Amino acid sequence: MPSRRTVLAATAGVAATLAVGGPAYADDKKLRSLISRMTLPEKVGQLFVMRVYGHSATAPDQADIDANIKEIGVRNAAELIAEYRVGGIIYFTWAHNTRDPQQIADLSNGIQRASLRQPRGLPVLVSTDQEHGIVCRVGEPATLFPGAMAIGAGGSRTDARSLGRIAGQELRAIGIRQNYSPVADVNVNPANPVIGVRSFGSEPDAVAGLVAAELTGYQRSGVAATAKHFPGHGDTTVDSHTGFPVITHSREEWEELDAGPFRAAIRAGIDSIMTAHIQFPALDDSGDPATLSRPILTGILREELGYDGVVVTDSLGMEGVRTKYGDDRVPVLALKAGVDQLLNPPKLDVAWNAVIQAVEDGELTEARLDESVLRILRLKAKLGLFDAPYASPGGVDRNVGTPAHLAAADRIAERTTTLLVNEGGLLPLSAGEHPRLLVVGADPASPSGTTGPPTAVLAAALTELGFTATRLSTGTAPTSAAISAAVAAAGEADAVVVGTYNVTASSTQKTLVQELLATGKPVVAVATRNPYDVAQLPDIQACLASYSWTDVELRAAARVIAGRVRPRGKLPVPVQRADDPARVLYPVGHGLSYRT
């Protein structure tokens with residue numbers, strides 16, 4: 001590992017004045033001097049944030065080497081840095097970057113070592129999507145928190161700030177210094193297939209307050225937060241990963257519904273803002289996605305809202321940004337629009353060479369690149385990466401998944417569980433009256449690959465609370481055989497807990513619940529993702545919303561079912577009637593509790 005003296009020499013002495021907690025614009029003169037000595041390829045490299053497969057920067061598994069060669073043309077992270085001088089690397093679970101905290105710290109250090117050993121080597125800004133809830137790349141034994149809509153149900157800015165502070169402390173300890181969170185989208189469309197419970201809710205002011213609180217927690221821990229997805233992805237029916245959504249809000253509606261959380265983030269000093277691959281005709285009628293729109297990114301975000309921090313694209317591999325232009329044009333147009341960081345292009349060589357060519361052809365000026373490189377280096381300086389780029393092994397043990405952090409996550413989760421229905425005061429269940437419980441339902445895959453399955457987590461938690469709970473996984477689309485097995489098992493139970501997952505009018509999950517109710521046994525539903533499930537279950541006797549199927553939220557739901565804690569969550573979104581979506585079944589703020 002290079003010494004601190006080596007790092008300082010490699011960065012021309014800049015680091016001595018740029019430590020953690022320093023002002024974001026510290027000593028631009030020295031940063032500009034540093035940029036003036038960079039080659040064009042080095043500048044272009046700083047603009048890219050790229051995926052790379054493997055748990056190690058230099059010695060990944062063979063399958064990951066093969067994947068890197070196929071997709072990027074390099075064997076490992078060290079070769080990626082040497083070839084392209086990338087300024088950032090993003091971690092994914094599916095890229096095998098996140099096995100465990102100590103391994104992640106070692107990978108981060110290997111990446112820094114590889115970059116700092118290059119001529120004029122610069123520290124790398126390592127990032128990930130650690131939203132918590134249903135989007136989570138770093139799993140147990142790190143502390144996992146409820147997701148955004150659950151935090152919205154809790155309604156506590158203090159809890160949001162604590163989440164950011166603790167999660168940021170753990171990310172920093174493993175070398176991740178930029179987090180693509182919080183989601184600032186206002187989810188006003190229950191049919192939104194990509195945001196949903198990733199949003200704090202449907203009320204702009206409530207979302208704005210929680211966004212500002214959470215980002216403050218992250219940034220005070222020395223991790224850059226990222227408000228996403230500008231100018232607002234909350235009212236879409238198309239997933240921008242697979243299609244090209246269009247937002248039909250007027251400019252006035254954008255101001256009223258979408259803009260507030262981003263304004264709040266900017267006022268709170270947000271380090272980075274992520275773009276959305278959406279078409280927003282009221283803001284730019286060209287038909288271009290916002291990621292490639294100069295009127296939106298420069299005209300509105302930079303000039304009207306006064307934001308001069310880092311703008312990062314959403315993944316350039318998503319269909320929403322690739323529909324209209326080829327992969328060689330997208331990065332060039334993004335830079336012309338006002339973007340600084342180009343995230344995860346499908347083919348790095350195509351994107352990287354396209355930017356080089358655009359400068360050589362005069363379409364982009366080197367001065368334009370310098371603006372973005374300066375913003376990126378300012379952020380790296382603010383985060384202390386020039387002075388202290390490495391994660392310490394001892395820091396992992398001291399900060400990641402500590403008993404105090406885990407207890408804080410449990411306490412926060414208890415304040416989010418929302419009781420939507422409780423006919424006849426069925427809940428809380430008593431182990432004396434209902435000693436034998438059957439837990440059935442959907443078992444969606446763990447967001448981080450380290451938790452679940454949900455029915456097992458619920459059954460174990462209820463057993464620890466004094467019940468005898470057995471589980472039967474019935475899936476997100478129960479077959480007739482699975483439903484029959486559940487009904488038969490219910491005959492041996494005193495009550496049934498069923499976990500639902502995105503129930504629709506035609507879902508066989510509805511059939512499962514109806515047939516369980518027909519047994520005459522008490523049935524408790526736990527909506528493990530969208531709270532809208534309750535509208536499809538008109539005869540349910542009791543229904544809770546947990547907003548995610550991660551362990552921390554399911555354990556909290558179990559404690560509510562057992563009466564160990566009172567339900568305190570309030571709906572942060574309205575639930576419309578299934579038979580008449582124009583009418584509200586449960587309004588924002590609905591949430592029952594237990595009599596004390």
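Computed from a predicted structure; not experimentally measured.
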Sequence neighbours excluded and cut-off under 3.5 Å, please list the side-chain donor-acceptor pairs for residues 361-368, or say none.
| from | atom 1 | to | atom 2 | distance (Å) |
| --- | --- | --- | --- | --- |
| Asp361 | OD1 | Gln357 | NE2 | 2.9 |
| Asp361 | OD2 | Gln357 | NE2 | 3.4 |
| Glu363 | OE1 | Arg329 | NH1 | 3.1 |
| Glu363 | OE2 | Arg329 | NH1 | 3.4 |
| Glu363 | OE2 | Arg329 | NH2 | 2.8 |
| Glu363 | OE2 | Lys336 | NZ | 3.2 |
| Thr365 | OG1 | Arg368 | N | 2.9 |
| Glu366 | OE2 | Lys43 | NZ | 2.8 |
| Arg368 | NE | Leu335 | O | 3.0 |
| Arg368 | NH1 | Ser372 | OG | 2.7 |
| Arg368 | NH2 | Leu335 | O | 2.8 |
| Arg368 | NH2 | Val339 | O | 2.7 |
| Arg368 | NH2 | Ser372 | OG | 3.3 |

Quiz item: Are Tyr180 and Ser127 side-chain neighbours, meaning at least one heavy-atom pair lies under 4.5 Å?
Solution: yes
Quiz item: Going by an N to O cut-off under 4.0 Å, is there a salt bridge joining Asp159 and Arg568?
Solution: no
Quiz item: So do Cys136 and Gln130 actually touch side chain to side chain, heavy atoms under 4.5 Å?
Solution: yes
Quiz item: Judged by modelled atom types alone, do Arg529 and Tyr501 share a side-chain donor-acceptor pair under 3.5 Å?
Solution: yes
Self-check item: Check ion pair Asp327-Lys347 (N to O, under 4.0 angstrom)
Solution: no
Self-check item: Gap between atom CG of Asn187 and atom CD1 of Ile195 - 0.5 Å precision
Solution: 7.0 Å
Quiz item: Got a salt bridge between Arg165 and Glu170, using NZ or NE/NH1/NH2 to carboxylate O under 4.0 Å?
Solution: no
Exercise. Using a strict cut-off of less than 4.0 Å between a Lys/Arg side-chain nitrogen and an Asp/Glu carboxylate oxygen, indicate whether Arg177 and Asp271 qualify as a salt bridge.
Key: no
Quiz item: So, do Ser202 and Pro572 sit near enough that their side-chain heavy atoms are less than 4.5 Å apart?
Solution: no
Quiz item: Just wondering, are more than 12 heavy atoms of other shown residues or ligands nearer than 6.0 Å to CG in Asp205?
Solution: no
Quiz item: Side chains of Val573 and Tyr532: does their closest heavy-atom pair fall under 4.5 Å?
Solution: yes
Quiz item: Between Ile412 and Ile151, is a side chain to side chain contact (heavy atoms under 4.5 Å, CB included) present by the stated rule, with each step listed?
Solution: CA-CA 8 Å; Ile412 289 172; Ile151 298 298; 3.7 Å; yes
Quiz item: According to the interplanar angle, ranging from 0 to 90°, do the rings of Trp94 and Phe92 count as parallel (below 30°), tilted (30 to 60°) or perpendicular (above 60°)?
Solution: parallel
Self-check item: Working for side chain to side chain contact (heavy atoms under 4.5 Å, CB included), residues Phe230 and Leu301
Solution: CA-CA 8 Å; Phe230 190 82; Leu301 181 57; 3.7 Å; yes
Practice problem: Might you point out which heavy atoms bring Pro231 and Phe280 nearest each other, and give the distance in Å? | Solution: CG-CD1, 3.6 Å
Quiz item: Atom CG of Asp551 and atom OG of Ser446: how far apart are they, to the nearest 0.5 Å?
Solution: 7.5 Å
Quiz prompt | Rounded distance (nearest 0.5 Å) linking atom CD1 of Ile300 with atom CZ of Arg251 | solution = 4.5 Å
Quiz prompt | Chi angles and distances behind the side chain to side chain contact (heavy atoms under 4.5 Å, CB included) call for Lys228, Ile273 | solution = CA-CA 6 Å; Lys228 62 186 187 185; Ile273 291 178; over 6 Å; no
Exercise. Report yes if some heavy atom in the side chain of Leu125 is under 4.5 Å from a heavy atom in the side chain of Leu379; otherwise report no.
Key: yes
